Structures are given as structure tokens and as C-alpha cells.
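Let me begin by presenting the structure, written as C-alpha cells, before commenting on it.
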Amino acid sequence: MPGEESKPRSAGSNPDELTQLLELELMRKRAAWQETAARNRRLKTASILFLFVIVMAALVGFYLAFSRVNEQRSQQHPNATAAPGAP
């Protein structure tokens, strides 16, 4: 009968069919979990890399700033010792 074909079959009537449906559902969920875990790993890796770049840029900036301050101090130091003895 054509009317019976459109009705969904009861999964509880056949234990093997129910088992297969559950296995399929678990396989889909496992695939979704693996995709989510991979996405989270990529995000974590990207954030750690970004943080590393920021820290390295800050260290280079501090090095350049302190080296310039040190150069200015070394240039002012001989002038500062000569100033008190000069007329």
C-alpha cells in the first residue's frame, strides 16, 4: 500500500535496526566533537602564537628604548663632568 510507505517505521520493532541507528548517531556526534576539538586546537595555537609575537615585539621595543637612553647618557656624561670645572 502506498500509504504505509510514507509512514516512518518504528525503530523499536527491530533491535538490530535500533542498534545501527544509534551507532550512526554516535558516529555523527564523534565526528562533530573531533571537528570542534580541531577548531579549538587551531584557535589555541593561533592565540599562543599571537601572544608570543606581542611579547617579542615588546622586548625588542624595550631593548631599543633602553639602548637609546644609554647612548644619551654616555654622550651627556663627559659634558656633565666638564661643566663644573669650566668657567
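Treat the numbers as computed from the prediction; the structure is a model and nothing was measured.
Ile48 belongs to no hydrophobic cluster with other residues, because no ILVMFWY side-chain heavy atom falls under 4.5 Å from its own, directly or through intermediates. In the hydrophobic clustering, where aliphatic and aromatic side chains (Ile, Leu, Val, Met, Phe, Trp, Tyr) are joined below 4.5 Å either directly or transitively, Phe50 groups with Ile54.
Here the straight-line distance linking atom CD of Glu35 with atom CG of Asn40 works out to 12.0 Å at 0.5 Å rounding.
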Scan the side chains in residues 57-71 for donor-acceptor partners under 3.5 Å anywhere in the protein, sequence neighbours excluded, and list what turns up.
from  : atom 1 : to    : atom 2 : distance (Å)
Ser67 : OG     : Tyr63 : O      : 3.2
Ser67 : OG     : Leu64 : O      : 2.9

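Identified under the salt bridge (Lys or Arg N to Asp or Glu O under 4.0 Å) test for residues 19-31, with sequence neighbours left out: Glu25-Arg28.
For Leu49, the side-chain contact (heavy atoms from CB on, under 4.5 Å) test picks out no residue, with sequence neighbours left out. Applying the side-chain contact (heavy atoms from CB on, under 4.5 Å) criterion to Ala37, with sequence neighbours excluded, gives Arg41.
Hydrophobic clustering places Val55 together with Phe52 (ILVMFWY residues linked when any side-chain heavy atoms are closer than 4.5 Å, directly or through intermediates).
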